Amino acid sequence: MISETSGPVGALSRAVRRPTAPVTYGLIALCCLIFLTGPASGLNPVYGSGDELLAAQRVYFRHWGVVPAELFHGSARAALTPATALFVHGSWVHLLGNMLFLFVFGAMTEERMGRVRFTLFYIGCGCLALLGYAAANASSEQSLVGASGAISAVLGAFLYLFPRARVTSLLPFLFFLPVRLPAWVVLPFWAALQWLAAGRAGSGPGVAYLAHLMGFGAGLAYAWARFRPATRVKAAPAPAPEGEKQP
């Protein structure tokens with residue numbers, strides 16, 4: 001959960017304490033619907049069970065996910081997969097983890113950006129993160145799916161927009177006890193963990209930590225460029241004509 005602090009951001013806190021975020025909630029609903037009707041959930045009898053289900057999952061992920069080896073040398077359909085992969089998840093844990101982060105951090109970010117801008121931001125940064133990962137692993141045949149890059153961008157933007165918002169977190173070195181810390185502590189710590197994990201990650205299947213880092217950086221950069229305080233230069237008054245006094 002998140003709460004804003006008092007002080008200079010008090011007015012902003014009042015504005016976003018109960019945000020209306022139809023885009024965030026719509027994205028969550030859409031991702032859940034796609035997952036439940038697809039083969040990854042294991043709930044749709046159309047895809048069968050056992051080996052048949054596993055084969056269907058592989059075909060499904062390869063069709064809708066990003067395959068780096070095909071993205072830059074494949075068909076026009078392959079070029080669209082960065083957009084489709086944002087709405088496909090590989091497992092229940094993958095889906096629930098992503099949707100929890102989007103639910104916690106998306107509403108306030110959407111309220112601050114506006115619905116249309118947030119939608120374009122989410123899709124644009126998500127595609128950019130997937131493209132960046134694919135470029136760094138251009139020969140990989142592994143399918144890449146999930147909204148993690150887009151949601152990481154939301155985290156980056158949230159860090160810039162609401163650095164003092166207090167976030168309830170579960171820290172492993174504190175035996176997973178819930179603690180409330182400001183976003184400027186929690187989110188850089190999360191990004192550092194992604195950096196460390198990316199350095200140890202192999203080229204095989206697993207978590208695309210590099211896509212997380214690229215999304216986080218893109219979101220932070222966008223928020224800084226779009227919402228940083230404008231620098232105003234106060235013009236010096238023109239000299240008064242001779243014989244007149246300056247106001």
Side-chain angles (χ1 to χ4, degrees), residues 1-2 15-41 43-44 60-61 63-66 79-134 143-162 165 167-168 183 186-187 190-191 194 207-209 211-223 226-227:
M1 298 298 292
I2 298 173
V16 300
R17 187 175 294 113
R18 295 181 180 273
T20 55
V23 175
T24 296
Y25 303 142
L27 288 170
I28 292 173
L30 180 59
C31 287
C32 290
L33 178 62
I34 291 174
F35 180 79
L36 292 174
T37 57
S41 68
L43 300 178
N44 192 336
Y60 185 82
F61 294 147
H63 181 79
W64 298 109
V66 173
L80 297 176
T81 55
T84 59
L86 290 177
F87 303 97
V88 178
H89 290 82
S91 68
W92 283 96
V93 173
H94 190 200
L95 173 75
L96 296 177
N98 274 353
M99 295 305 101
L100 176 61
F101 271 82
L102 182 56
F103 176 78
V104 171
F105 294 99
M108 289 174 64
T109 306
E110 177 186 343
E111 183 78 6
R112 182 70 176 87
M113 289 186 179
R115 298 173 186 176
V116 174
R117 186 176 288 114
F118 178 78
T119 303
L120 297 176
F121 162 81
Y122 181 91
I123 295 175
C125 287
C127 290
L128 184 63
L130 291 170
L131 286 169
Y133 179 88
S143 302
L144 180 64
V145 296
S148 301
I151 296 170
S152 297
V154 173
L155 301 186
F158 188 96
L159 174 60
Y160 183 83
L161 296 173
F162 309 105
V167 181
T168 300
V186 175
L187 295 181
W190 174 87
Q194 307 307 300
V207 180
Y209 295 105
H212 298 181
L213 288 170
M214 290 181 173
F216 186 83
L220 183 61
Y222 171 82
R226 175 64 181 80
F227 296 98

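Side-chain atoms are counted along with the backbone in the values below, which use heavy atoms only and exclude waters and symmetry mates. Since this is a predicted model, take the numbers as computed values, not measurements.
- One N or O on the side chain of Ser91 and one on the backbone of His94 form a donor-acceptor pair closer than 3.5 Å.
- No hydrogens or angles considered: nothing links the side chains of Asn44 and Thr37 as a donor-acceptor pair under 3.5 Å.
- The shortest non-hydrogen separation linking Tyr209 to Gln194 is CD2-OE1, 3.2 Å.
- Rounding to the nearest 0.5 Å places CG of Leu144 at 10.0 Å from CG of Leu131.
- Contact of the Leu102 side chain with the Tyr122 side chain is registered, since non-hydrogen atoms from C-beta on lie closer than 4.5 Å.
- Using cut-offs of 30° and 60° for the angle between ring planes, the Tyr222 and Phe227 rings count as perpendicular.
- At a threshold of 4.5 Å between non-hydrogen side-chain atoms, the residues Ile28 and Thr24 count as touching.
- In this structure, Ala147 and His89 approach most closely via the heavy-atom pair N-NE2, 3.4 Å.
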Legend entry - Candidate pair Ser152 and Leu213, rule side-chain contact (heavy atoms from CB on, under 4.5 Å), full reasoning: CA-CA 7 Å; Ser152 297; Leu213 288 170; over 6 Å; no
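- In this structure, CZ in Phe162 is found 6.5 Å from CZ in Arg112, a value given to the nearest 0.5 Å.
- In this structure, Cys32 SG and Leu95 CG are separated by 4.5 Å, a value rounded to the nearest 0.5 Å.
- In this structure, OG1 in Thr119 is found 10.5 Å from CE in Met113, a value given to the nearest 0.5 Å.
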Inset, instruction - Please report the C-alpha distance between Leu128 and Met214 in whole Å, then the side-chain angles of each, then the deciding distance to 0.1 Å, and finally whether the side-chain contact (heavy atoms from CB on, under 4.5 Å) criterion is met. - result: CA-CA 8 Å; Leu128 184 63; Met214 290 181 173; over 6 Å; no
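- The shortest side-chain heavy-atom distance between Leu130 and Leu86 falls under the 4.5 Å cut-off.
- At least one side-chain heavy atom of Pro22 sits less than 4.5 Å from a side-chain heavy atom of Glu110.
- Within the 4.5 Å cutoff, side-chain heavy atoms of Ile151 are placed close to those of Met99.
- Taking both residues in full, the closest heavy atoms of Gly219 and Cys125 are given as N-SG, 4.3 Å, listed atom of the first, atom of the second, then distance.
- Proximity of His63 to Ser143: side-chain heavy atoms (C-beta onward) are nowhere separated by under 4.5 Å.
- Annotation: side chain of Phe121 is not in contact with side chain of Arg226 (no heavy-atom distance under 4.5 Å).
- Distance check: Phe105 CZ to Leu155 CG gives 5.5 Å after rounding to the nearest 0.5 Å.
- Looking only at side-chain heavy atoms (C-beta outward), Val88 and Phe61 come within less than 4.5 Å of each other.
- With values rounded to the nearest 0.5 angstrom, Leu120 atom CG is found 14.5 Å from Arg115 atom CZ.
- For Gly215 against Ala129, the heavy-atom pair with the smallest separation is N-CB, 3.8 Å.
- Checked against the 6.0 Å centroid criterion, the rings of Trp64 and Phe87 do not qualify as a close aromatic pair.
- Scanning all heavy atoms of the two residues, the minimum distance from Gly65 to Ala85 falls at CA-CB, 3.9 Å.
- Counting all heavy atoms, side chain and backbone alike, Ser41 lies closest to Trp92 at O-NE1, 3.3 Å.
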Inset, instruction - Could you give me the CA-CA distance, side-chain angles and deciding distance for Val66 and Tyr133, then say whether side-chain contact (heavy atoms from CB on, under 4.5 Å) is met? - result: CA-CA 10 Å; Val66 173; Tyr133 179 88; over 6 Å; no
